[in-house]
Visitor: 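Structure provided below as structure tokens; questions to follow.
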Amino acid sequence: MADNTFDAIVIGSGISGGWAAKELTEKGLKTIMLERGKQIEHVKDYVNAQKEAWDYPHHNRATVQMKKDYPVLKRDYPLNESNLDWWVNDQESPYTEIKRFDWFRGYHVGGRSLLWGRQSYRLSDFDFEANAKDGIAIDWPLRYQEIAPWYDYVEKFAGISGNRDGLPQLPDGHFMPPMDMTCVEKDVAGRIKEHYKGARSMIIGRTANITEPLPGRTNCQYRNKCWLGCPFGAYFSTQSSTLPAAMKTGNLTLRPWSIVTKILYDKDKKKATGVEVLDAETNQTIVYKAKIIFLNASTLNSAWILMNSATDIWPDGLGSSSGELGHNIMDHHLGVGAGGRVEGYEDKYTYGRRANGIYIPRYRNLFGDKRDYLRGFGYQGGAGRGRGLASAEELSIGADYKEALSQPGSWYMNIGGFGETLPYHENKVTLDKTRKDKWGLNVLAMDIEYKDNEKRMRKDMMNDAVEMLEACGVKDVKGHDGDGTLGRGIHEMGAARMGKDPKTSVLNKFNQVWDAPNVFVTDGSFMTSASCVNPSLGYMAFTARAADHAVSELKKGNL
């Protein structure tokens with residue numbers, strides 16, 4: 001459109017940004033989606049999607065130089081040869097750690113929708129009511145019944161495979177047929193149900209890998225190479241799903257290499273008028289104007305943009321009038337669980353490389369159970385077979401070693417916990433004005449940690465895991481409580497929480513910034529509490545709902 005003016009601006013192209021673009025364009029709004037990183041085209045740019053470990057110079061392992069160049073990424077599994085350029089360069093985009101926080105980011109079209117674990121669960125009223133019940137932080141401004149139809153809506157489009165399990169703490173959804181459990185998983189699931197008399201369950205994961213074709217997408221091929229980009233479109237991503245839908249309308253303009261540095265605000269109209277963009281390649285500044293803005297830069301980057309906006313009116317940024325902007329940061333704490341060896345089943349094997357696992361839904365502090373901490377946790381994991389090296393441990397070279405490698409080993413079963421972190425006001429991000437990134441922009445400072453409540457929870461997360469596996473006949477069970485540093489869950493939430501009162505929250509129940517009602521924030525920023533389930537499906541549902549509300553309000557002349 002002329003003069004860089006659009007009906008809507010979407011900042012960010014990940015899971016929630018893609019949904020915002022789809023919904024707004026399908027409702028007739030001329031929309032520009034701004035992405036700070038490079039373009040990645042569906043299929044064409046999945047350059048490693050067909051490769052195996054031996055196709056890489058260092059067998060897909062991190063080199064000494066890679067560890068030097070990526071000091072944050074090396075802390076966990078993301079550092080590898082296969083998709084290194086899909087993760088943020090730590091040197092170009094640093095951040096300050098007042099307390100250690102492992103921030104793993106993807107700055108490119110599609111964002112972490114290309115990299116996510118795809119586990120897709122609904123929050124329940126146990127989650128929406130938790131803060132009010134426990135007297136923690138503030139109450140959510142809505143309940144499950146209000147968001148449930150939007151969960152239905154996004155599940156049908158995204159394609160979620162799973163089983164309807166009838167669990168009140170994990171609402172059922174609109175599912176494609178589930179993937180199969182392995183024979184060992186089925187056995188363990190049955191034993192858990194029997195041993196705990198139905199109080200605990202083990203189910204197949206609910207995943208955004210389709211098991212039936214959708215338009216333009218082929219069902220999962222069981223390759224388990226999802227984070228290399230799927231040429232079949234078998235898992236939900238911006239590239240496979242929402243971007244094609246938005247482009248089909250003819251209403252979308254996609255602009256990569258566009259770092260939004262601030263939202264422009266008219267203090268007389270009390271509305272945003274547009275955004276200021278720094279071109280990441282040319283360093284030129286460009287202004288885009290629009291009637292509504294959807295901020296979907298991911299939780300911490302969205303906070304950064306708000307903190308840099310309207311500082312002439314609010315020194316701490318747009319949305320800071322409540323004193324809550326940048327506060328209440330949450331992630332799931334993990335790195336704790338148990339595993340062991342399973343005897344028998346030597347004549348059985350797994351089918352393909354299933355891009356999914358099992359899930360044990362939360363059972364603590366529910367249904368009369370009471371612990372010495374608040375909230376709870378779930379487990380993810382699975383059972384499989386390793387390579388047949390146990391019988392040839394002394395071998396490290398030669399024909400016998402190669403033969404052992406080609407044989408299946410023993411069955412094993414592992415489960416790892418995902419625990420809820422409470423929304424502590426003091427867990428926050430601020431602007432570090434003494435340090436800048438490659439583009440001369442101030443960086444974020446992280447002051448985030450899990451506390452005593454989570455530490456007490458972690459004891460149960462390990463001990464319960466050991467107890468369950470042993471009760472199910474798993475042998476040589478060993479528990480572990482490793483590095484639970486926040487950030488590793490890659491589920492950043494909070495920073496701009498929604499609520500009922502502008503004095504205690506940044507957003508209202510429709511994800512609108514109280515101080516600028518034509519600005520909607522629908523990434524993980526809005527979360528008022530974390531639950532213990534993977535949150536991305538919720539971002540989709542809240543984004544679709546917010547877009548519907550935005551267009552309705554626009555038509556009424558309220559925006």
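Values in this document were obtained by computation on a predicted structure and should not be read as measured data.
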Visitor: Closer than 4.0 angstrom, basic N to acidic O: yes or no for Glu146 and Arg545?
Guide: yes

Visitor: Show the nearest heavy-atom pair for residues Tyr235 and Ser240, with the distance to one decimal.
Guide: O-OG, 3.0 Å

Visitor: Go through the side-chain N and O atoms of Glu492 and Thr299 and say whether any donor and acceptor fall under 3.5 Å apart.
Guide: no

Visitor: Hey, mind stepping through Val521 and Asn511 against side-chain contact (heavy atoms from CB on, under 4.5 Å) and telling me if it holds?
Guide: CA-CA 5 Å; Val521 187; Asn511 299 77; 5.6 Å; no

Visitor: At their closest point, which heavy atom of Leu170 faces which heavy atom of Arg122, and how far apart are they?
Guide: CD1-O, 4.3 Å

Visitor: Does the pair Asp102/Arg100 count as a salt bridge with the N-to-O cut at 4.0 Å?
Guide: yes

Visitor: Is it true that Asp331 and Arg488 have a side-chain N and a carboxylate O under 4.0 angstrom from each other?
Guide: no

Visitor: Does a donor on one side chain and an acceptor on the other come within less than 3.5 Å for Ser237 and Ser113?
Guide: no

Visitor: Check whether Glu35 reaches the backbone of His108 with its side chain - one donor and one acceptor, N or O, closer than 3.5 Å.
Guide: yes

Visitor: Under a 4.0 Å threshold between the charged nitrogen and the carboxylate oxygen, would Asp165 count as salt-bridged to Arg206?
Guide: yes

Visitor: If you apply the rule side-chain contact (heavy atoms from CB on, under 4.5 Å), what do you find for Asp432 with Leu444, and how did you get there?
Guide: CA-CA 6 Å; Asp432 182 349; Leu444 281 174; over 6 Å; no

Visitor: After noting the C-alpha distance and the side-chain angles of Thr63 and Lys67, does the key distance pass the side-chain contact (heavy atoms from CB on, under 4.5 Å) rule?
Guide: CA-CA 6 Å; Thr63 65; Lys67 292 176 182 178; over 6 Å; no

Visitor: Determine, step by step, whether Lys99 and Glu97 satisfy the salt bridge (charged side-chain N to carboxylate O under 4.0 Å, His left out) criterion, reporting the C-alpha distance in whole Å, the side-chain angles of both residues, the deciding distance to 0.1 Å, and the verdict.
Guide: CA-CA 5 Å; Lys99 295 186 178 75; Glu97 295 175 280; over 6 Å; no

Visitor: If we only count heavy atoms from C-beta on, is the Pro423 to Met330 side-chain gap below 4.5 Å?
Guide: yes

Visitor: Can you find a heavy atom in the side chain of Ile147 that is under 4.5 Å from one in the side chain of Phe542?
Guide: yes

Visitor: Any side-chain heavy atom of Trp140 within less than 4.5 Å of one from Glu129?
Guide: no

Visitor: Identify the two heavy atoms, one from Val429 and one from Ala303, that lie closest to each other, and give their separation to 0.1 Å.
Guide: CG2-CB, 4.2 Å

Visitor: Hey, could you give me the CD1/CG distance between Ile98 and Asp447, rounded to the nearest 0.5 Å?
Guide: 4.5 Å

Visitor: At what distance, to the nearest 0.5 angstrom, does CG of Asn365 lie from CD of Glu420?
Guide: 10.0 Å

Visitor: The test is ring pair (Phe, Tyr, Trp, His ring centres under 6.0 Å); show your working for Tyr363 and Phe377 and say whether it passes.
Guide: CA-CA 8 Å; Tyr363 52 85; Phe377 51 88; 5.7 Å; yes

Visitor: Begin from the C-alpha positions of Tyr121 and Tyr359 and carry the test ring pair (Phe, Tyr, Trp, His ring centres under 6.0 Å) through to its verdict.
Guide: CA-CA 10 Å; Tyr121 303 102; Tyr359 188 61; 4.5 Å; yes

Visitor: Side-chain contact test, heavy atoms from C-beta onward, threshold under 4.5 Å: evaluate it for Trp227 versus Asn83 and give yes or no.
Guide: yes

Visitor: Taking the ring centre of each residue, are Phe520 and Phe526 less than 6.0 Å apart?
Guide: no

Visitor: Identify the two heavy atoms, one from Arg143 and one from Ala132, that lie closest to each other, and give their separation to 0.1 Å.
Guide: NH2-CB, 4.4 Å

Visitor: Is the closest side-chain heavy-atom distance between Val533 and Leu123 below 4.5 Å?
Guide: yes

Visitor: Considering only heavy atoms from C-beta outward, does the side chain of Arg435 approach that of Asn442 to under 4.5 Å?
Guide: no

Visitor: Determine, stepwise, if the pair Arg200 / Glu467 fulfils salt bridge (charged side-chain N to carboxylate O under 4.0 Å, His left out).
Guide: CA-CA 12 Å; Arg200 300 184 193 182; Glu467 174 200 288; 3.6 Å; yes

Visitor: Heavy-atom count around Glu470 CD within 6.0 Å, excluding the residue itself: above 12?
Guide: yes

Visitor: Please check if any side-chain donor atom of His425 sits under 3.5 Å from a side-chain acceptor atom of Glu324, or the reverse.
Guide: yes

Visitor: Side chains of Asn209 and Arg118 only: does a donor on one sit below 3.5 Å from an acceptor on the other?
Guide: yes

Visitor: Quick one: do the Asp460 and Tyr373 side chains pair a donor with an acceptor below 3.5 Å?
Guide: yes

Visitor: For Val109, run the side-chain contact (heavy atoms from CB on, under 4.5 Å) check against Arg36, Lys38, Gln239 and tell me which one passes.
Guide: Gln239

Visitor: Going by side-chain contact (heavy atoms from CB on, under 4.5 Å), Met446 matches just one of Thr430, Leu300, Ile329. Which one?
Guide: Leu300

Visitor: Using distance alone, with no hydrogens and no angle criterion, decide if Asp523 and Ser16 have a side-chain donor and acceptor under 3.5 Å apart.
Guide: no

Visitor: Report the C-alpha separation of Asn453 and Tyr424 in whole Å, then their side-chain angles, then the decisive distance to 0.1 Å, and conclude whether the side-chain contact (heavy atoms from CB on, under 4.5 Å) test is met.
Guide: CA-CA 11 Å; Asn453 190 75; Tyr424 303 105; 3.6 Å; yes

Visitor: If I compare all heavy atoms of Arg354 with all of Thr182, which pair ends up nearest, and what's the gap?
Guide: NH1-N, 3.8 Å

Visitor: Taking the six-membered ring for Trp, are the ring centroids of Trp87 and Tyr70 within less than 6.0 Å of each other?
Guide: no

Visitor: Charged N to carboxylate O under 4.0 angstrom, Arg341 versus Glu343?
Guide: yes

Visitor: Could you check whether any side-chain N or O of Trp150 sits under 3.5 Å from a backbone N or O of Ala544, counting only pairs where one atom can act as donor and the other as acceptor?
Guide: no

Visitor: On a heavy-atom basis, which atom in Thr528 and which in Arg497 lie closest, and how many Å separate them?
Guide: CA-CB, 4.2 Å

Visitor: Under 6.0 Å from the NZ atom of Lys436, do we count more than 12 heavy atoms belonging to anything else shown?
Guide: yes

Visitor: Report yes or no: do His58 and Glu81 form a side-chain donor-acceptor pair below 3.5 Å?
Guide: yes

Visitor: Would you say the side-chain atoms of Glu52 and Asn60 include a donor-acceptor pair closer than 3.5 Å?
Guide: no

Visitor: For the residue pair Asn427 and Lys451, establish whether any side-chain heavy-atom pair is separated by less than 4.5 Å.
Guide: yes

Visitor: Say you draw a straight line from OG of Ser529 to CG of Asp139; how long is it, rounded to the nearest 0.5 Å?
Guide: 9.0 Å

Visitor: Is it the case that the side chains of Tyr379 and Asp464 hold a donor-acceptor pair, with the cut-off being a distance below 3.5 Å and no angle test?
Guide: no

Visitor: Establish, from distance only, whether the side-chain atoms of Asn301 and Tyr107 form a donor-acceptor pair under 3.5 Å.
Guide: yes

Visitor: Does the ring centre of Phe367 sit less than 6.0 Å away from the ring centre of Phe126?
Guide: yes

Visitor: Working note: Asp90 + Lys74, criterion salt bridge (charged side-chain N to carboxylate O under 4.0 Å, His left out); need CA distance, chi angles, decisive distance, verdict.
Guide: CA-CA 10 Å; Asp90 297 336; Lys74 76 176 183 180; over 6 Å; no

Visitor: Is there side-chain contact between Asp316 and Leu325, with at least one heavy-atom pair below 4.5 Å?
Guide: no

Visitor: Given side chain to side chain donor-acceptor pair (under 3.5 Å), test Tyr539 with Asn296 step by step and report yes or no.
Guide: CA-CA 10 Å; Tyr539 304 165; Asn296 302 95; over 6 Å; no

Visitor: Between Tyr351 and Tyr222, is the ring centroid distance below 6.0 Å?
Guide: yes

Visitor: Give, for atom CG of Asn89 and atom CG of Asp69, the distance between the pair rounded to the nearest 0.5 Å.
Guide: 7.5 Å

